[in-house]
Amino acid sequence: MRIIKPWAAALLLTVSSAGVVAADGEAILKAQCNSCHNLEGPAPATLHELWQRQAPDLFYAGNKYQAAWLERWLQQPTTIRPAGMFYVDHIKAGSAGDQIDASTMRPHSALSAADAKAVAAALMERKARSDLVVAGSYVPGTISRSSGEMMFDKFKGCLACHEIEPGYGGLSGPEVYTVAQRLQADYLVSFLSRPQAWDPKIFMPDKHLSDGDVQKFVHYLRLLSVEARQ
Ligand code: HEC
Ligand code: HEC
């Protein structure tokens, strides 16, 4: 068992009626995560606020993330945004083009298994913006790797900002070869249809994708995630 200062124990643990001490996810969020993550909303409303943002917004986590992924990742965090939250802070110009300045990147802190479980559960309770998601809006289907890549790269220019495999693609957005493991399919449909409805100032362009293209992109993202796991 972890050694915890008495005041911290009082803050972060709750005793159930059976007398079992369990981690209090909500208390951990407020004590250890609030300094970087926005837990209550709203999303940045100005460019200045966007640039100041230290970490992804978590106030609609329950509508965005897959619970099992959250619990795993919180115990063993990996890099998702190759150039951090705001790429300008972590990119330096090099002879071979822009490069990530690794010295400015800090690893994410990890939680114990019990704390991760409690925190993931508390995050999944955060259901802001349910008005933007329609349950079942993603209809499972398939696309070939080459058609998906053609859309992602040539037709819609997504590759400029996102990596489709480690080391291949743009650096300013999150890697997308793990996105289908991380995010709910119905969230992806909603976000790809109208990114600024979720995050008004985000620099991901609204390409006014047709509903059919949105579905194809989600098929493609799911295909990439399966390949990434192999
Ligand atoms: C020092 C600032 C900081 C603190 C404190 C912090 N985080 Fe983070 N967190 C980040 C950054 C930066 C990222 C983006 C990492 C990346 O993209 O590689 C992140 C990513 C995440 C993600 C993935 C979200 C996504 O959309 O990619 C989750 C979930 C998360 N943090 C939860 C937590 C929890 C829970 C705590 C508290 C136990 C916490 N964080 C504390 C900075 C922080
Ligand atoms: C100009 C850069 C840019 C372009 C072009 C772009 N995106 Fe993004 N994308 C972003 C940024 C920035 C985010 C949100 C970053 C964050 O959560 O920190 C994002 C988020 C995403 C997400 C959610 C990722 C996550 O982990 O939360 C997906 C999926 C995605 N984009 C797919 C696409 C697709 C498909 C296209 C092409 C139609 C595209 N993007 C074009 C910059 C871009």
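Note that this is a predicted model, so its numbers are computed, not measured. Remember, it's 1-based here, ligands and their atoms both numbered in the order they're listed. By convention here, the first residue in the shown sequence is residue 1.
Contact annotation: for V119 versus ligand 1, heavy atoms closer than 4.0 Å belong to the side chain alone. Only side-chain heavy atoms of P56 come within less than 4.0 Å of ligand 1; its backbone N, CA, C and O stay farther off. Contacts between D199 and ligand 2 below 4.0 angstrom, taking non-hydrogen atoms only, are absent altogether. At a 4.0 Å heavy-atom cut-off, ligand 2 touches F203 through backbone and side chain alike. Only side-chain heavy atoms of P205 come within less than 4.0 Å of ligand 2; its backbone N, CA, C and O stay farther off. No part of D115 comes within 4.0 Å of ligand 1, judged by heavy-atom distances. Contact annotation: for M85 versus ligand 1, there are no heavy atoms closer than 4.0 Å.
The protein non-hydrogen atom at the shortest distance from atom 36 (C) of ligand 1 is C33 SG, 2.7 Å. Nearest protein heavy-atom neighbour of atom 3 (C) of ligand 1: C36 SG, 2.7 Å. Counting only heavy atoms of the protein, atom 32 (C) of ligand 2 lies nearest to L192 CD2, 3.5 Å. Atom 13 (C) of ligand 2 has its closest protein heavy atom at P174 CD, 3.7 Å. The closest protein non-hydrogen atom to atom 29 (C) of ligand 1 is L70 CD2, 3.4 Å. For atom 20 (C) of ligand 2, the nearest non-hydrogen atom of the protein is F191 CE2, 3.4 Å. The shortest contact between atom 7 (N) of ligand 2 and any protein heavy atom is with H162 NE2, 2.8 Å.
The backbone N or O of A128 sits less than 3.5 Å from a side-chain atom of N63, completing a donor-acceptor pair. Looking at Q215, its side chain does come within 3.5 Å of a backbone N or O of V139 through a donor-acceptor pair. Of the possible polar contacts, none joining the S225 side chain to the R222 backbone as a donor-acceptor pair under 3.5 Å is found.
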Fill in: Check against salt bridge (charged side-chain N to carboxylate O under 4.0 Å, His left out), E163 and R81
CA-CA 9 Å; E163 287 189 333; R81 294 160 187 75; over 6 Å; no
Item to complete: Kindly determine whether Y168 and H162 satisfy side-chain hydrogen bond (donor to acceptor under 3.5 Å, both in side chains), including the steps that lead there.
Response: CA-CA 8 Å; Y168 183 57; H162 294 286; over 6 Å; no
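The heavy-atom pair separating P200 from A43 by the smallest distance is CD-CB, 3.7 Å. The minimum heavy-atom distance linking I80 with P82 is given by the pair O-CD, 3.4 Å.
Look at H108 and atom 8 (Fe) of ligand 1: an N/O/S atom of the residue is under 2.8 Å from the metal. Using a cut-off of 2.8 Å, one finds that C161 contributes no N/O/S atom close to atom 8 (Fe) of ligand 2.
The closest heavy-atom contact to atom 19 (C) of ligand 2, among the options K207, R81, M204, K216, comes from M204. Taking each of Y65, W73, W69 in turn, the one with a heavy atom nearest to atom 25 (C) of ligand 1 proves to be Y65.
Under a 4.0 Å criterion applied to the non-hydrogen atoms of V179, ligand 2 contributes the atoms 24 (C), 25 (C), 26 (O).
Checked against a 3.5 angstrom limit, the closest N/O atoms of R182 and ligand 2 fall inside it. Polar contact with ligand 1: absent for I28 (N/O pair, distance under 3.5 Å).
Counting only heavy atoms from C-beta outward, the side chains of L192 and K207 never approach each other to under 4.5 Å.
Residue contacts with ligand 2 include L183, since one of its heavy atoms falls under 4.0 Å from the ligand. Residue contacts with ligand 1 include H37, since one of its heavy atoms falls under 4.0 Å from the ligand.
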